[in-house]
Amino acid sequence: MLNGADPIADALGALAAPPPTGLADKVFTAWLAAPSRLGEVFVAFTGHGVQFVRPAETLHGDIDAFAESYRDRFGRPLRPAARAPSGLLPTLRGRPATSLRLDLRGLSEFERDVLTATRRIPAGETRPYGWVAREAGRPRAVRAAGSVLARNPMPLLVPCHRVVRADGRLGDYMFGSAHKEKLLRDERVDLDEVVALARQGVHYLGSDTTGVVCFPTCHNARRIDPAHRHGFRSVGAAVAAGYRPCRTCRPAADATSA
DNA sequence: TGCATGACCCCTC
DNA sequence: GGAGGGGCCATGC
């Protein structure tokens, strides 16, 4: 039937209207592909911030697989984004931008606390899982903190590769420990020294000029003159020797080896 | 509700 | 010093 010849169709057509502004943003989550230190990554983000990151390689470059993975977890469909949110691209390249916002809605309080604590670990430094659990306010939930990081929705943006085992070993990583090692070496973490110290039972370094004891990768520890550097098995041992925990890296005062 | 599951930790042997 | 096992705790089913 020709347009205009059916009064009912005309009336229905008159009812059609563009969707209200912002409706699409309420229904869809935006996604884009971007370069990163793990190669190309797919990134999903809402108006509240970045929500989900996965390397294209782990999805065989299949954006449909990314969309399915995202929908399984967050229950929303994706649509392509026109541009990246502020701070995303430099942060993915290893230059953290303070303007980058993360969308942590939908996560449990514990998950948010673990991810927020992990985000505070500076590039080039590592912290043990026990440190993350303590900073998250649940000092005994070490294993649970590891479980949260195993499901980290935003690798690289939440630098879970900087969380390592208390005995000096790297521990596991969601994309394999080889990737974890590469990321840390790229950040100039001296993994060989950390392992060598751990073999000697040294998990903390103190300076006898400042009286401060740190994690070995803390930037304050790396500035200690070798002549004034002392290794400790535990913070307790360092405190007994007259040292105080570093206020920057905050090693646990009651820890035995973590 | 209860049970199984882990990117852990630490003690013991 | 390396392996094994028990403890731990948030989460998913």
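Order of the sequence lines sets the chain letters (A, B, ...), proteins ahead of strands, with each chain counted from 1.
- B:dC9 atom P lies 13 Å from atom CG of A:D172, rounded to whole Å.
- At least one donor-acceptor pair under 3.5 Å links the side chain of A:E111 to the backbone N or O of A:S108.
- Following rounding to the nearest Å, A:L107 (CG) and C:dG12 (P) show an atom-to-atom distance of 10 Å.
- Between A:R143 and B:dA7 there is no side-chain polar atom (N or O) within less than 4.0 angstrom of OP1 or OP2.
- The A:A144 side chain lies nearest to B:dG6 when the options are B:dA7, C:dG12, B:dG6.
- For the residue pair A:R105 and A:H48, a side-chain donor N or O sits within less than 3.5 Å of a side-chain acceptor on the partner.
- The side chain of A:S108 places an N or O atom within less than 4.0 Å of a non-bridging phosphate oxygen (OP1 or OP2) of C:dT11.
- Contact check on A:R162 versus A:E125 returns no salt bridge, with no Lys/Arg side-chain nitrogen under 4.0 Å from an Asp/Glu carboxylate oxygen.
- Distance, A:R169 CZ to B:dC9 C1': 11 Å, rounded to whole Å.
- Ranking B:dC8, B:dC10, C:dA10 by closeness to the A:A141 side chain, first place goes to C:dA10.
- Between the CZ atom of A:R165 and the C1' atom of B:dG6 there is a distance of 12 Å, rounded to whole Å.
- In this structure, of B:dA7, B:dC9, C:dT11, it is C:dT11 that holds the atom nearest to the side chain of A:E111.
- In this structure, of B:dG6, C:dA10, B:dA7, it is B:dA7 that holds the atom nearest to the side chain of A:Y173.
- The residues A:D64 and A:R71 are annotated as not salt-bridged, no charged nitrogen and carboxylate oxygen being separated by less than 4.0 angstrom.
- The side chain of A:K180 has B:dA7 as its nearest neighbour among B:dA7, B:dC9, C:dT11.
- Between A:F74 and A:F52, the angle of the ring planes goes over 60°, which puts this pair in the perpendicular group of the 30/60° scheme.
- The side chain of A:R140 contributes no N or O atom lying less than 4.0 Å from OP1 or OP2 of C:dC8.
- What separates NE2 of A:H203 from P of B:dC8 is a distance of 16 Å, to the nearest Å.
- The CZ atom of A:R138 sits 23 Å away from the P atom of C:dG7 (whole-angstrom rounding).
- The CG atom of A:L149 sits 18 Å away from the P atom of C:dC9 (whole-angstrom rounding).
- Note: CZ (A:R134) to P (C:dC9) measures 16 Å, nearest angstrom.
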